[in-house]
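Have a look at the structure below, then the notes.
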Number of protein chains: 2
Amino acid sequence: MAHRLSPAQSMKLWHDVHLAQVHDDEPDLSVRQMSVLLTVYLEAPPHTVRGLAAKLQVTKPVITRALDSMGKLGLVSRRRDEADRRNVLVQRTVKGVLYLERLGDLIGQTSEGL
Amino acid sequence: MAHRLSPAQSMKLWHDVHLAQVHDDEPDLSVRQMSVLLTVYLEAPPHTVRGLAAKLQVTKPVITRALDSMGKLGLVSRRRDEADRRNVLVQRTVKGVLYLERLGDLIGQTSEGL
DNA sequence: CCATTTTGTTTCGGATCCGTATCATTCTCC
DNA sequence: GGAGAATGATACGGATCCGAAACAAAATGG
């Protein structure tokens with residue numbers, strides 16, 4: 001249970017972490033891509049294209065394209081659902097875990113200096 | 001001085017705020033645009049294209065385009081520096097203040113439920 | 001003065017993303 | 001088995017963004 005951040009602390013945290021994201025070499029993820037990635041890693045599976053589209057309130061092609069681009073980066077992978085072959089199950093990857101661990105560390109570290 | 005956020009808290013905060021950004025009607029800002037906007041509003045003026053490019057470690061056209069798009073949204077404005085007319089001074093706007101106030105409130109509010 | 005430097009913008013080709021509409025595959029259920 | 005529904009991918013036209021290079025305007029300094 002962390003103490004609630006003040007607006008000033010919040011904006012400084014947002015600023016510092018975004019700046020660090022710009023500075024590092026990895027390509028920036030869009031807000032939608034980041035939302036997909038964090039949803040897949042934080043919420044309980046299974047994750048389908050339709051389910052993610054509903055959760056984000058965006059159209060299905062947005063999810064398909066986000067999975068394409070993040071799949072190319074190795075951050076997520078896709079697998080057919082053998083029980084219902086219409087479904088695609090979005091799965092975590094080692095690289096995705098490492099990416100989000102680094103992000104979580106960065107945010108935590110930045111939050112310390114507020 | 002807030003308590004340091006754990007990685008899990010950090011990722012949940014990131015997830016929830018990004019999801020809220022996707023859900024609202026305003027167009028999402030890119031990571032670079034958000035960095036420019038927060039730099040202009042949090043750090044002391046004056047802010048020039050060159051200075052912002054150096055701070056973000058990106059090329060000048062990136063800043064020019066970010067100012068174009070955010071200017072169209074009314075979040076920042078430009079003015080010639082009369083003392084050195086080569087310079088462009090990036091200025092805050094009422095709409096930009098309101099935008100970041102809402103963002104700060106959203107982050108603070110989200111941080112409360114961690 | 002006038003060449004040089006500095007600053008910001010524009011152009012260019014290429015890549016990405018958007019929403020709508022359409023398509024291919026698979027399942028459901030009578 | 002066949003019509004219809006459900007699921008995800010793809011096509012399309014338009015918008016945006018990228019970095020590198022070229023450009024225009026203004027200041028600097030011999």
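This is a predicted model, so every value here is computed, not measured. The figures that follow rest on heavy atoms only: side chains count, while hydrogens, waters and symmetry mates do not. Each chain gets a letter, A, B and so on, in the order its sequence line appears, and its residues count up from 1.
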With A/Arg80, which residues qualify under side-chain hydrogen bond (donor to acceptor under 3.5 Å, both in side chains), at least two apart?
none
Could you state the CG-C1' distance from A/Leu89 to D/dT7, rounded to the nearest angstrom?
12 Å
Rounded to whole Å, CG of B/Asp68 lies from P of C/dT10 at a distance of 7 Å
What's the CG-P distance between B/Asp28 and C/dC17, to the nearest Å?
13 Å
If you compare every side-chain N and O of A/Asn87 against the phosphate oxygens of C/dT26 (OP1, OP2), does one of them come in below 4.0 Å?
no
Atom NZ of A/Lys72 and atom P of D/dA9: how far apart are they, to the nearest Å?
14 Å
Gap between atoms CE and P, on B/Met34 and D/dC17 respectively (whole Å):
14 Å
Atom NZ of A/Lys60 to atom C1' of D/dA11: distance rounded to whole Å?
15 Å
Atom pair distance, as rounded to whole Å: CD1 in A/Ile63 and C1' in C/dG19:
13 Å
A/Leu67 CG - C/dC17 C1' separation (whole Å)
14 Å
A/Arg92 (side chain) donor-acceptor with A/Val97 (main chain) under 3.5 angstrom
no
Scan for side-chain hydrogen bond (donor to acceptor under 3.5 Å, both in side chains) pairs involving residues 62-76 of chain B, sequence neighbours excluded, and state none if there are none.
B/Gln33-B/Ser69, B/Asp68-B/Arg78
For B/Gln33 and D/dT16, is the shortest distance between a side-chain N/O and OP1 or OP2 below 4.0 Å?
no
Contacting residues from residues 38-50 of chain B, given that a heavy atom lies under 4.0 angstrom of DNA chain C
B/Thr48, B/Val49, B/Arg50
Of all pairs that satisfy salt bridge (Lys or Arg N to Asp or Glu O under 4.0 Å), the ones with a partner from residues 29-39 of chain B, not counting sequence neighbours
A/Asp28-B/Arg32
Heavy atoms under 4.0 Å is the rule here; annotate nucleotides 18-30 of chain D 5' to 3' with B where the base is hit, S where only the sugar-phosphate is, and - elsewhere.
BBBB----BS---
Note down the inter-axis angle between the two ends of the helix from C/dC1-D/dG30 to C/dC30-D/dG1, five pairs each, to the nearest 10°.
10°
What donor-acceptor contacts under 3.5 angstrom involve side-chain atoms of residues 99-106 of chain A, with partners at least two apart or in another chain?
unit_1	atom_1	unit_2	atom_2	d
A/Arg102	NH2	A/Glu26	OE2	2.1

Could you work out, with side-chain contact (heavy atoms from CB on, under 4.5 Å) as the rule, every residue matching A/Arg79, not counting sequence neighbours?
A/Leu89, A/Gln91
Nonpolar side-chain network containing B/Val94, other nodes, edges under 4.5 Å:
B/Leu98
What residue pairs, at least two apart or across chains, pass ring-ring contact (aromatic ring centres under 6.0 Å, His included) with a residue in residues 15-38 of chain A?
A/Trp14-A/His18, A/His18-B/Trp14
Would you call B/Lys12 and B/Asp16 a salt bridge, taking side-chain N to carboxylate O under 4.0 Å as the test?
yes
Residue pairs involving residues 46-61 of chain A (criterion salt bridge (Lys or Arg N to Asp or Glu O under 4.0 Å); sequence neighbours excluded)
A/Glu43-A/Lys55
Partner set under ring-ring contact (aromatic ring centres under 6.0 Å, His included) for A/His47, not counting sequence neighbours
none
